[in-house]
Amino acid sequence: MDIFLFCFLASVLATSQAATTPHQIHLLRPQSGSSGHHVHGISCLSWRLAVEVDNIRDWDLVPAACENYVGHYMLGHQYRKDCNAAMYVALQYAKSLKLTGDGKDIWVFDIDETTLSNLPYYARPENGFGAKEYNSTSFNEWIEEGKAPPVPAVLKLYQKLLSLGFKTVIISGTSEKYRNVRISNLKLAGYHTWEKLILKPTSESSTTSLVYKSAIRKELVEAGYRIIGNVGDQWSDLLGTDTGNRTFKVPDPMYYIS
Ligand SMILES: *[C@@H]1O[C@H](CO)[C@@H](O)[C@H](O)[C@H]1NC(C)=O
Ligand SMILES: *[C@@H]1O[C@H](CO)[C@@H](O)[C@H](O)[C@H]1NC(C)=O
Ligand SMILES: [Mg+2]
């Protein structure tokens, strides 16, 4: 497609979507940002898609030219629709199975940008939806507030899985020292029960998330659990060993964890 036509259509789409967006989660920014902005010849929409499918890896920050685009995506309809679509497919899969009823069929969930959303934090201007340098001090302060909202589609899947008879195991790279506040945050957000909540021991900080989560899942399998499904926003939640019979990726164009 002609590039000018593409830019024109992209901005028309962005504008018409902004005008008809009734349910923003946290409207902390104006609804601007066109997918037509380019980084090294790649549009922001193509950049986001490449990130989602793990073609672009180990990226550090959202490209500055895509800050508004990513903000618009995260606050608008499309992020929610994409989460809904992923969790719809997960639920169809879950419903198709016949569980043994021995309590060993588990579904693994990640926390950040999966069960809970840090969007109110990333939407702050100084964080730029992941386009600004990560600040562990302010992020940890946000975690300690314990008021991250749920990702609605993931909460819905979680509730349906419980009613289907699955046990849930929540695995996060959050440090153990935040256990109490993470529990109160999960409960506040609507996640009331789990078989296990596994956080990262304070001693274990050098391994990658992929290695850490693979080791945890291996222990679960060795303890006799069957990992039927696994939901995360990072590929490092879903790749490695003992990943589960099926994995489901929820979108996250704001940061990359290896
Ligand atoms: C990081 O966040 C802390 C706490 O909000 C703040 O005091 C500090 O200035 C921030 N650091 C940078 C480099 O922005
Ligand atoms: C999950 O995968 C294992 C190993 O491949 C297989 O034996 C089992 O039947 C699968 N379970 C489901 C529910 O698909
Ligand atoms: Mg996560």
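Numbering of ligands and ligand atoms starts at 1, following listing order.
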### Query
Is the shortest heavy-atom distance from the side chain of D112 to the side chain of Y255 under 4.5 Å?
yes
### Task
Indicate whether the side chain of N245 and that of Y93 have a donor and an acceptor atom separated by less than 3.5 Å.
no
### Query
If you draw a sphere of radius 2.8 Å around the Mg ion (ligand 3), how many protein N/O/S atoms end up strictly inside it?
3
## Note on the structure
For D105, the side chain to side chain contact (heavy atoms under 4.5 Å, CB included) test, sequence neighbours excluded, returns L99, T100, D102, F166, R226, I228
### Query
Relative to the ring of F109, is the ring of W107 parallel (under 30°), tilted (30 to 60°) or perpendicular (over 60°)?
tilted
Hey, what polar pairs (N/O, under 3.5 Å) does ligand 1 make with protein?
{"residue": "ligand 1", "atom": "2 (O)", "partner": "N135", "partner atom": "OD1", "Å": "3.3"}
{"residue": "ligand 1", "atom": "2 (O)", "partner": "N135", "partner atom": "ND2", "Å": "2.4"}
{"residue": "ligand 1", "atom": "11 (N)", "partner": "N135", "partner atom": "ND2", "Å": "2.8"}

### Any Y178 side-chain heavy atom under 4.5 Å of N140 side chain
yes
### Query
Do T247 and N230 have side-chain N/O donor and acceptor atoms under 3.5 Å apart?
no
### Task
Using distance alone, decide if ligand 2 has a nitrogen or oxygen within less than 3.5 Å of any nitrogen or oxygen in N245.
yes
### Query
If we ignore angles and hydrogens, is there a donor and acceptor under 3.5 Å between the side chains of Y121 and S138?
yes
### Query
Going by the atom numbers of ligand 2, which of them fall below 4.0 Å from some non-hydrogen atom of L97?
13 (C)
### Message
Does the plane of the ring in W47 sit parallel, tilted or perpendicular to the ring in W59? Use 30° and 60° as the thresholds.
### Response
perpendicular
### Task
Establish, yes or no, whether a centroid distance under 6.0 Å links the rings of Y158 and Y191.
yes
### Message
Holding to salt bridge (Lys or Arg N to Asp or Glu O under 4.0 Å), I want the full list of residues that pass it with E133, two or more places apart in sequence or in another chain.
### Response
none
